[in-house]
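Notes follow the structure.
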Amino acid sequence: MAHRWTPDLTHADVTPRAAFLNRRQIIAGLAGVGIAGGIGGRAMAASDALEPNDYGDITTYNNYYEFGTGKGDPAKNAHMLTTKPWSIKIDGLVDKPGDYSMEQIAEAMTMEERIYRFRCVEAWSMVVPWNGFELADLLDMAGVQSGAKFVAFETAMRPEEMPGLRYPVLDWPYVEGLRLDEARHPLTIMATGIYGKPIPNQNGAPIRLVVPWKYGFKSIKSIVRITLTDTQPPTSWNKANAGEYGFYSNVNPTVDHPRWSQASERRIGGGLFAARQDTLMFNGYDEVASLYDGMDLAKNY
Ligand SMILES: Nc1nc2c(c(=O)[nH]1)N[C@H]1C(S)=C(S)[C@@H](COP(=O)(O)O)O[C@H]1N2
Ligand SMILES: [Mo]
């Protein structure tokens, strides 16, 4: 794959420690990751703490409502999810619709590490070292047809394995969507690992979306279906409360949630008394700005 590049956070920037070398060796062994700088090279605001969160934070403080609405519920309950075998149905406006097994996908994709800021709409954030591949490569595998304009995603819905489905918090299954150009952006990945290990169930095993410039709820977990369509697909949080959650949901410190400010965020792991940090437009991923040229992002929140 020719278009590999390194986004703005790398272990070299953030983890000048022995642990960095160990992880890099693991990852290089897995994937043959290219480290050359690319379009993402960008100076970070001094206020932004770049240290990745530790594995414990990332895997015990979660939102995965199919397993309960408490932050600790997914870590307690998500072991009930059967993640093998797993396949993703890719359908709609594609040349090669069908059920793609995880093995088939893993074999065809180029795995790499991406260290991304992750900003929940609830105004907390983390830095996560994901392993995965670009969604664009998976879309190419299925062959996107010229009429496609959006990509719809769906999470597994298994009442016997997901105790949270008993509660009508959301209209299950959890669904999300992106415009096709957002889905094809090189920052948009499908994650199958964290810290070089298979992604834990509570984080969306065996495969979840990660869109780092959007609020965390766009990054849908445990995906079983991807549909290419010509119309904007429904999305779970927008269906639940359209006045609070829009389709785009780009991180935007100038557009507050109706019930709280989005100007700053609390970095998980910083401790109870750590200073909040400024939230960055597009979560700091300025390279996506041109996707929204001419759009009013206060209206298209
Ligand atoms: N299927 C599904 N996907 C989901 C959610 C969910 O409840 N169900 N929660 C979302 C929200 S609100 C956030 S912030 C992130 C949390 O990801 P993490 O637990 O890996 O940090 O997952 C998103 N994806
Ligand atoms: Mo979230």
Side-chain angles (χ1 to χ4, degrees), residues 19 23 51-88 102 115-132 153-176 189-212 214-225 235-237 239-241 244-245 249 259-260 265-274:
R23 288 208 295 271
E51 185 77 13
N53 282 86
D54 67 36
Y55 191 78
D57 289 337
I58 297 168
T59 59
T60 60
Y61 188 92
N62 299 101
N63 277 333
Y64 196 166
Y65 279 16
E66 288 86 336
F67 295 100
T69 56
K71 292 289 182 280
D73 289 342
K76 254 184 281 163
N77 296 328
H79 64 89
M80 292 186 243
L81 181 68
T82 310
T83 59
K84 268 184 195 156
W86 195 275
S87 61
I88 303 181
M102 277 304 291
I115 302 168
Y116 283 159
R117 285 178 293 278
F118 188 86
R119 170 59 158 83
C120 175
V121 75
E122 298 164 334
W124 55 264
S125 64
M126 298 197 196
V127 174
V128 183
W130 305 105
N131 310 96
F153 304 86
E154 190 178 308
T155 294
M157 184 165 69
R158 303 206 190 131
E160 66 289 356
E161 297 185 1
M162 295 172 151
L165 296 187
R166 270 179 278 157
Y167 308 100
V169 202
L170 291 170
D171 179 16
W172 313 110
Y174 197 102
V175 291
E176 258 305 336
I189 60 167
M190 297 288 275
T192 57
I194 292 174
Y195 272 113
K197 302 181 206 193
I199 193 166
N201 287 7
Q202 59 267 36
N203 294 91
I207 186 163
R208 59 95 58 88
L209 181 69
V210 178
V211 193
K214 293 179 179 283
Y215 290 121
F217 66 82
K218 298 294 288 184
S219 293
I220 180 174
K221 295 176 168 180
S222 307
I223 294 167
V224 292
R225 186 174 182 187
T235 59
S236 283
W237 281 100
K239 282 197 284 181
N241 192 336
E244 297 190 350
Y245 310 104
S249 294
R259 293 183 279 129
W260 58 84
E265 64 201 51
R266 179 175 64 94
R267 181 61 54 81
I268 299 301
L272 215 47
F273 303 103

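Just so you know, residue 1 is the first one in the sequence shown, and it goes up from there.
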State whether a side-chain donor-acceptor pair under 3.5 Å links Asn63 with Lys71.
yes
Tyr55 and Thr59: which non-hydrogen atoms are nearest, and at how many Å?
O-OG1, 2.7 Å
Would a distance-only check, ignoring hydrogens and angles, find a side-chain to backbone donor-acceptor pair under 3.5 Å from Trp86 to Ile223?
yes
Test item: Glu161 side-chain N/O and Thr82 main-chain N/O as donor-acceptor pair under 3.5 Å:
yes
Taking Trp237 for its side chain and Lys218 for its backbone only, find out whether a donor-acceptor pair lies under 3.5 Å.
no
Please name the pair of heavy atoms, one in Arg266 and one in Tyr61, separated by the smallest distance, quoted to 0.1 Å.
NH2-OH, 3.1 Å
Asn77 CG to Tyr64 OH distance, which is reported to the nearest 0.5 Å
11.5 Å
Does any donor atom in the side chain of Arg119 or Ser125 lie under 3.5 Å from an acceptor atom in the other side chain?
no
Just by modelled atom types, is the Pro212 backbone N or O under 3.5 Å from a matching donor or acceptor in the Arg117 side chain?
no
Indicate whether the side chain of Tyr167 and that of Thr69 have a donor and an acceptor atom separated by less than 3.5 Å.
no
side-chain contact (heavy atoms from CB on, under 4.5 Å) between Met190 and Ile88: does it pass, once the steps are laid out?
CA-CA 12 Å; Met190 297 288 275; Ile88 303 181; 4.2 Å; yes
If you measure from CE on Met80 to CZ on Arg158, what distance do you get to the nearest 0.5 Å?
13.5 Å
CD/Gln202 to NZ/Lys221 distance, rounded to the nearest 0.5 angstrom?
8.0 Å
Once you round to the nearest 0.5 Å, how far does CD1 of Ile58 lie from OH of Tyr195?
5.0 Å
On a heavy-atom basis, which atom in Ser236 and which in Tyr174 lie closest, and how many Å separate them?
OG-CA, 3.3 Å
A side-chain contact here means heavy atoms from C-beta on lying under 4.5 Å apart; do Phe67 and Pro163 qualify?
yes
Once you round to the nearest 0.5 Å, how far does CG of Asn203 lie from CZ of Arg208?
6.5 Å
